[in-house]
Number of protein chains: 2
Amino acid sequence: MPRNPEQNEQMKEERRAAILDNALRLFAAKGLAATRIAEIAKAAGMSQGLLYHYYRSKEEVFTALIGNAFTIMNGAAAALEALPISAAEKIRRAVNELFTGLERSEHTGTYHLLIAAASASEGIPAEARAIITRESRVPYEIMARIVKEGQVQGTVRSGDPEQLALLFWTTIKGLAIHRAANRRTFRLPDPDIILRMFLKE
Amino acid sequence: MPRNPEQNEQMKEERRAAILDNALRLFAAKGLAATRIAEIAKAAGMSQGLLYHYYRSKEEVFTALIGNAFTIMNGAAAALEALPISAAEKIRRAVNELFTGLERSEHTGTYHLLIAAASASEGIPAEARAIITRESRVPYEIMARIVKEGQVQGTVRSGDPEQLALLFWTTIKGLAIHRAANRRTFRLPDPDIILRMFLKE
DNA sequence: TTATTCATTGAATAAACATTCAATCAAAAT
DNA sequence: ATTTTGATTGAATGTTTATTCAATGAATAA
């Protein structure tokens with residue numbers, strides 16, 4: 001409809017966003033193979049044909065989402081690491097912010113679920129697999145550095161930093177997945193229980 | 001080939017087992033929708049037609065696996081609870097046995113992954129969903145009782161037993177999924193780190 | 001007005017796949 | 001030997017679904 005260059009560009013962005021938002025929800029809930037292009041298009045309020053005007057295939061939509069997921073997650077992790085606060089405080093804040101994201105049903109929680117499912121799944125697009133291989137270590141590495149820093153500062157428990165970082169993220173993943181499976185009844189546990197694994201008391 | 005009644009029955013059991021074993025691996029790796037009946041049949045060493053002689057549909061195979069998963073997991077949890085040992089010892093043993101299962105790539109680990117993915121996924125067969133709804137609380141309830149028992153015995157940390165049980169299982173789930181996504185590089189962390197969440201030191 | 005440019009649609013196409021089925025085959029019973 | 005029984009096969013069927021495409025519409029430029 002619009003030909004005004006700026007408006008046009010903005011509408012295209014909105015279309016793209018509508019596709020990605022709805023695809024994220026559907027892919028996270030049902031997986032790549034079980035999600036129908038027709039569903040995504042309908043949920044995004046457009047015809048199937050138009051969706052193909054914006055993305056070349058279902059796989060391309062999926063891959064775009066995987067890219068976004070890591071941009072957001074790894075960006076947040078990097079921002080956390082850069083904060084001018086103690087390592088122990090970084091860990092506390094990480095748990096609290098991740099919990100807040102899960103509680104509010106923000107995209108973040110859904111992204112976590114998408115990544116967890118995609119990482120474990122064979123048969124995802126090669127490009128998506130490449131992104132996962134390249135990016136998925138980042139949060140673990142960042143958390144391992146924070147742990148090491150905290151051990152130097154004397155506030156974080158001793159133990160292999162990589163193991164502690166692994167447990168940090170797998171615990172979060174486990175909660176995100178459990179929440180997805182139990183949206184109705186899910187209540188977040190006390191963050192202090194998790195922090196016990198990492199912080200001296 | 002065989003008409004001898006016992007041999008016949010045994011071969012049928014082997015066929016069924018071959019179907020279920022291979023379907024478990026494939027469903028856990030790719031999900032229900034992305035797994036092809038042709039793949040399962042080929043992996044199980046039989047024609048597609050024969051598979052339909054044993055199960056009416058792909059969904060029926062899937063549902064059978066979900067049933068088995070809970071039979072095994074909930075049975076193991078119940079057996080653990082019944083052991084004549086202290087609550088703290090039960091928790092230690094649970095972590096160790098689950099870790100052993102994960103380490104050895106036994107079925108148990110794959111079942112955990114299957115259940116985690118299936119629970120979070122919409123679009124699984126109604127009967128499978130019903131089994132999940134009915135059975136999935138069991139391990140949480142058992143662990144909550146063990147925690148409560150341990151709190152009475154003074155060896156388990158204070159805190160809402162249900163929250164502690166939730167964290168116990170979501171942490172295990174998170175590790176199982178991470179392992180599935182990183183078979184090559186995965187190394188189990190020190191069990192004591194997890195036990196810190198639950199046991200007094 | 002008319003022409004042009006793209007977003008947009010919905011139906012057509014073609015491939016993938018679950019499921020069915022008619023035909024074998026091998027053992028055991030007669 | 002012949003018949004019966006049930007496992008087994010592989011090709012045929014029909015449905016579902018991703019993808020393509022020819023046609024439409026709406027805004028600007030000429």
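Sequence lines set the chain letters: A, B, ... in the order given, protein chains first and strands last, and positions in each chain run from 1. Atom set for the values below is all heavy atoms of this structure, side chains included, hydrogens, waters and symmetry mates excluded.
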(Q) Using a 4.0 Å heavy-atom cut-off, does B:Tyr54 contact any base of the nucleic acid, only the sugar-phosphate backbone, or nothing at all? (A) sugar-phosphate
Q: Grab the CE-P distance between B:Met46 and D:dG10 for me, whole Å please.
A: 13 Å
Q. OP1 or OP2 of D:dA7 less than 4.0 angstrom from a side-chain nitrogen or oxygen of B:His53, does that happen here?
A. yes
(Q) Below the 4.0 Å mark, does C:dA18 have OP1 or OP2 next to a side-chain nitrogen or oxygen of B:Arg36? (A) yes
Q: Once you apply the 3.5 Å cut-off to both distances, tell me the Watson-Crick or G-U wobble partner of D:dG6, or none.
A: C:dC25
Q: Grab the CD-P distance between B:Gln48 and D:dT8 for me, whole Å please.
A: 16 Å
Q: Could you state the atom-to-atom distance from CZ of A:Arg56 to P of D:dA18 in whole Å?
A: 18 Å
Q: Give the rounded distance in Å between these two atoms: CG of B:Leu51 and P of D:dA7.
A: 14 Å
Q. Can you check the B:Gln10 CD to D:dG6 P distance for me, whole Å?
A. 19 Å
Q.
Could you check whether any side-chain N or O of A:Lys90 sits under 3.5 Å from a backbone N or O of A:Leu80, counting only pairs where one atom can act as donor and the other as acceptor?
A. no
Q) Using a cut-off of less than 4.0 Å, is there contact between a side-chain N or O of B:Arg15 and OP1 or OP2 of D:dT8? A) yes
(Q) Measure CZ/A:Arg16 against P/C:dT8 and give the value in whole Å, please. (A) 11 Å
(Q) What I want to find out is whether A:Arg157 reaches A:Glu201 closely enough, with some N-O distance under 4.0 Å, to be called a salt bridge. (A) yes
Q.
With a 4.0 Å cut-off on N to O distance, would you call A:Glu89 and A:Arg92 a salt bridge?
A. yes
**Q.** Separation between CG of A:Leu65 and CG of A:Leu32, rounded to the nearest 0.5 Å
**A.** 10.5 Å
Q. When you measure from the side chain of A:Glu59, which nucleotide among C:dA18, D:dT19, C:dT8 comes out closest?
A. D:dT19
Q | Distance, rounded to the nearest Å, where B:Phe62 contributes CZ and C:dA18 contributes P | A | 14 Å
(Q) Of the listed nucleotides (D:dT8, C:dA7, D:dA18), which one gets closest to any side-chain atom of A:Leu50? (A) C:dA7
Q) With the threshold set at 4.0 Å, does a side-chain nitrogen-carboxylate oxygen contact exist between A:Arg16 and A:Glu13? A) yes
Q.
D:dT19, OP1 or OP2 - any side-chain N/O from A:Lys58 closer than 4.0 Å?
A. no
Q.
Here's a test of your reading of the structure: between A:Ala38 and B:Lys12, which maps to the more 5' nucleotide of DNA chain D?
A. B:Lys12
Q.
What is the distance, to the nearest angstrom, from the OH atom on A:Tyr52 to the C1' atom on C:dA14?
A. 13 Å
